[in-house]
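Quick caveat, the model's predicted, so the values are computed rather than measured.
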Amino acid sequence: MFHQATTPVAGSLPLSFLVAALPIATVLILLGVMRRPAWQSSLGGLLVGLFIAALIWHLPPGLAFDSVAAGVVFATWPVMWIVFNALVLYNIAVISGRFDAFRTWIFEHLPNDRRIVLVVIGFCFGCLLEGVSGFGTPVAITSALLILVGFPAIEALTFTLIFNTAPVAFGALGTPVTVLGQVTGLSPIVLGAMIGRQLPFIALLLPFYVMALYGGMRSVRALWPMLLVAGGSFAIAQFITSNYIDYALTDVFSSMAGLVVTVLFLRAWRPKADPEFSMRAPPSGSAGEVLRAPPPGISGWQGWIPWVVVSAVVILWTHFKIPAIGQHVIPWPGLHNEIFITLYQKPYAANWTFQPLASGTGILLATIITAALLGVGPRRYVGAVYATWVQSRMAILTVMLIVGLAYLMNYSGMNYTLGLGVASAGIFFPLLSAFLGWVAVFLSGSDTSGNALFGNLQVVAANQLGLNPVLIAATNSSGGVMGKMISPQNIATGISVTNLKGQEGVVLARTFKHSIILTLILGLLVVLQQYAVPWMIP
């Protein structure tokens with residue numbers, strides 16, 4: 001059995017920490033500085049990780065390649081199985097004219113102001129998609145919608161990435177919270193309530209934050225009532241649902257509340273018209289023709305059909321626990337219990353849970369139902385599948401590589417060295433705890449995987465430092481959502497439908513500082529909760 005080393009570089013934790021961070025630094029530099037495509041950046045990080053794991057952490061080559069293979073398979077099923085089918089649904093909406101119909105609905109029911117559309121679609125509607133599917137599909141679909149009403153592609157993707165934070169911890173009907181409870185031994189109900197006392201502050205802030213980036217402070221002053229209603233209704237519903245109803249339903253209720261309340265509010269209140277942000281006067285650099293004729297015989301409300309169908313199917317799919325039917329837990333050959341986690345003093349399990357009826361299969365069913373309802377025959381359906389493959393194949397490769405790197409860093413012990421280094425920060429740990437979750441989700445692209453990686457480490461550190469373990473464990477999940485906007489997986493999926501091939505580095509450069517700023521804000525909130533207002537902890 002291979003025993004993980006925690007301080008392999010001269011017995012020094014600081015030096016070992018710096019070396020363990022090199023694969024992550026490689027990905028960030030290649031993607032954000034050298035502007036290489038996401039798959040090349042992820043491959044570079046993986047090669048550096050293999051080199052360090054073998055020569056410094058002394059991970060045997062067989063275990064190294066087995067761990068990468070386990071990550072690649074997990075990235076393929078269930079992660080990209082979900083993303084692929086969600087993008088098939090998007091393409092069915094496009095070829096059936098319902099995506100254009102959705103644009104028509106936007107023109108008919110929202111003020112002629114791109115700033116308002118940014119909040120309603122990028123934030124409220126995007127949060128609904130995150131709750132249903134997650135894994136980057138909300139970014140791809142909402143970006144495409146924003147481009148359709150006149151946003152430059154780079155702005156559409158950047159802003160939707162930033163918005164794709166508030167709902168992530170409760171995505172896919174609360175799966176990240178459930179996993180966090182499993183790995184920490186803490187009640188998922190209490191953890192969900194704690195996360196629901198952190199992220200509402202971020203949700204309330206986000207519409208103001210993004211509007212300041214897009215339209216400046218004059219737009220914030222002009223639109224603050226709507227921004228307050230959008231962020232406030234989502235935040236209040238997120239807090240109430242996670243604390244008093246059911247954390248699994250948090251995203252569904254909060255996104256619906258934000259969407260419905262904001263649209264109803266806009267019927268009673270409209271800002272002063274600003275020609276600069278008119279949807280009928282696209283800004284310089286916007287992609288495509290903004291005003292195309294609505295599809296003949298298709299009304300605007302029909303644009304909602306694909307998204308209503310997939311929401312209903314996935315909610316029922318999860319509620320009736322259909323993914324558990326036919327489930328097989330497969331120990332990974334040559335890797336399962338072959339590594340000893342020195343930090344936790346236990347063997348490292350390596351199980352792949354194969355669910356033929358996983359959530360992605362539920363979304364596949366939703367695509368078939370939608371195609372039948374919209375009159376998309378078998379030939380056009382196959383065309384949508386092929387179009388999706390062309391769009392997503394590089395994103396699939398990117399996700400396989402970056403999750404393979406995440407697994408390699410897990411099983412070699414590099415990630416535990418990173419976690420141990422952060423946990424040694426003493427009284428500053430509550431602030432840095434959020435960044436630990438940020439690192440985990442940057443690597444894996446998933447808050448669920450981030451919780452599985454560092455959730456227990458956060459609890460161990462909290463108990464050693466006399467901190468509240470529920471607060472610190474929840475912070476792993478809340479901080480992780482900020483890493484979602486810079487994850488190569490998320491960026492690559494968004495790139496796949498926005499005609500921004502080769503622009504991954506530009507997108508990372510635009511989102512990175514905002515990811516750091518929002519994580520720091522959360523970290524300061526955690527410090528406040530731990531030391532000043534303990535009544536905020538359930």
Side-chain angles (χ1 to χ4, degrees), residues 1-34 41-68 71 335 337-348 350 402 404-444 450 453-465 467 472 476 479 483 516 523:
M1 182 180 291
F2 171 76
H3 286 244
Q4 292 178 341
T6 53
T7 56
V9 183
S12 167
L13 181 57
L15 290 177
S16 300
F17 179 93
L18 291 175
V19 174
L22 286 178
I24 300 174
T26 300
V27 176
L28 288 172
I29 292 171
L30 287 175
L31 190 61
V33 179
M34 300 182 69
S41 302
S42 301
L43 177 60
L46 177 58
L47 292 176
V48 171
L50 284 168
F51 181 83
I52 293 173
L55 296 185
I56 299 179
W57 265 258
H58 302 294
L59 181 69
L63 291 177
F65 286 107
D66 273 343
S67 63
V68 173
L335 185 62
N337 288 337
E338 293 295 325
I339 293 175
F340 191 76
I341 306 176
T342 307
L343 193 64
Y344 295 159
Q345 291 294 301
K346 66 177 184 179
Y348 203 151
I402 198 69
L405 171 60
Y407 272 57
L408 173 67
M409 294 184 68
N410 292 351
Y411 284 98
S412 66
M414 283 187 280
N415 271 336
Y416 292 100
T417 297
L418 292 175
L420 188 62
V422 174
S424 66
I427 61 172
F428 298 104
F429 180 67
L431 178 64
L432 297 179
S433 173
F435 284 94
L436 198 56
W438 178 90
V439 168
V441 176
F442 163 75
L443 277 173
S444 66
L453 173 60
F454 282 149
N456 194 46
L457 176 65
Q458 299 264 24
V459 171
V460 170
N463 288 328
Q464 290 176 343
L465 297 171
L467 305 172
I472 301 302
N476 189 78
I516 296 295

> Could you grab the distance from atom CG of Leu13 to atom CZ of Phe17, nearest 0.5 Å is fine?
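Between atom CG of Leu13 and atom CZ of Phe17 there are 8.0 Å.
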> So, the side chain of Asn476 versus the backbone of Leu436: is there a donor-acceptor pair under 3.5 Å, distance only?
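Side chain of Asn476 to backbone of Leu436, a donor-acceptor pair under 3.5 Å: no, none is there.
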> Locate the shortest heavy-atom distance separating Leu15 from Ala10; write the atom from each residue and the value.
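The answer is CD1-CB, 4.5 Å.
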> Mind checking whether Val19 and Trp57 have side chains closer than 4.5 Å, heavy atoms only?
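The answer is yes; the side chains approach within 4.5 Å.
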> Indicate the atoms forming the closest heavy-atom contact of Ala5 with Pro8, along with that distance.
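Looking at all heavy atoms of both residues, the shortest contact is CB-CB, 4.0 Å.
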> Can you tell me if Thr342 uses its side chain to pair, donor with acceptor, with the backbone of Gln4 under 3.5 Å?
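Side chain of Thr342 to backbone of Gln4: a pair is present.
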> Drop me the distance from Tyr411's OH to Tyr416's OH, to the nearest 0.5 angstrom.
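Here the interatomic distance stands at 8.0 Å.
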> What distance separates Ile29 CD1 from Ile24 CD1, expressed to the nearest 0.5 Å?
12.0 Å
> So which atom in Ala425 and which in Leu432 form the shortest heavy-atom distance, rounded to 0.1 Å?
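Heavy atoms only, the tightest pair is CB-CD1, 3.5 Å.
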> Can you classify the ring geometry of His3 versus Phe340 as parallel (below 30°), tilted (30 to 60°) or perpendicular (above 60°)?
tilted
> Show your working on side-chain contact (heavy atoms from CB on, under 4.5 Å) between Thr417 and Thr7 and close with a plain yes or no.
CA-CA 7 Å; Thr417 297; Thr7 56; 5.8 Å; no
> Please step through side-chain contact (heavy atoms from CB on, under 4.5 Å) for the pair Leu335 and Ser67, ending with a clear verdict.
CA-CA 7 Å; Leu335 185 62; Ser67 63; 4.2 Å; yes
> Quick one: pull up CH2 in Trp438 and CD1 in Ile516 and give me the separation to the nearest 0.5 Å.
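It comes to 4.0 Å.
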> Answer yes or no: is there a donor N or O on one side and an acceptor on the other, between the side chain of Ser16 and the main chain of Val9, under 3.5 Å?
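It does hold such a pair.
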> Just by modelled atom types, is the Gly45 backbone N or O under 3.5 Å from a matching donor or acceptor in the Thr26 side chain?
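Checked: no pair found.
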> For the residue pair Leu46 and Val68, establish whether any side-chain heavy-atom pair is separated by less than 4.5 Å.
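Yes, close enough: below the 4.5 Å cut-off.
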> Mind checking the NE2-CD1 spacing from His58 to Ile52? Nearest 0.5 Å is all I need.
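Result: 12.5 Å between the selected atoms.
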> A side-chain contact here means heavy atoms from C-beta on lying under 4.5 Å apart; do Phe435 and Val422 qualify?
no
> Indicate the atoms forming the closest heavy-atom contact of Ala20 with Met409, along with that distance.
O-CE, 3.3 Å
> Would you say the side chain of Phe51 lies within less than 4.5 Å of the side chain of Leu55, judging by non-hydrogen atoms?
yes
> Please tell me if the side chains of Ile339 and Pro347 come closer than 4.5 Å, counting only heavy atoms from C-beta onward.
no
> How close do Ala21 and Leu418 get, heavy atom to heavy atom, and via which atoms?
N-CD2, 3.9 Å
> Atom CG in Leu343, atom OH in Tyr348: separation rounded to 0.5 Å?
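Answer for the CG-OH pair, Leu343 versus Tyr348, is 11.5 Å.
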> Can you name the one residue among Leu408, Leu405, Leu50 that meets side chain to side chain contact (heavy atoms under 4.5 Å, CB included) with Pro23?
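Of Leu408, Leu405, Leu50, side chain to side chain contact (heavy atoms under 4.5 Å, CB included) with Pro23 is met by Leu405 alone.
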> If you compare all heavy atoms of Phe454 against all heavy atoms of Ala440, which two are closest, and at what distance to 0.1 Å?
CD1-CB, 3.7 Å
> For the residue pair Ile472 and Phe429, establish whether any side-chain heavy-atom pair is separated by less than 4.5 Å.
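A side-chain contact exists here, since the closest heavy-atom pair is under 4.5 Å.
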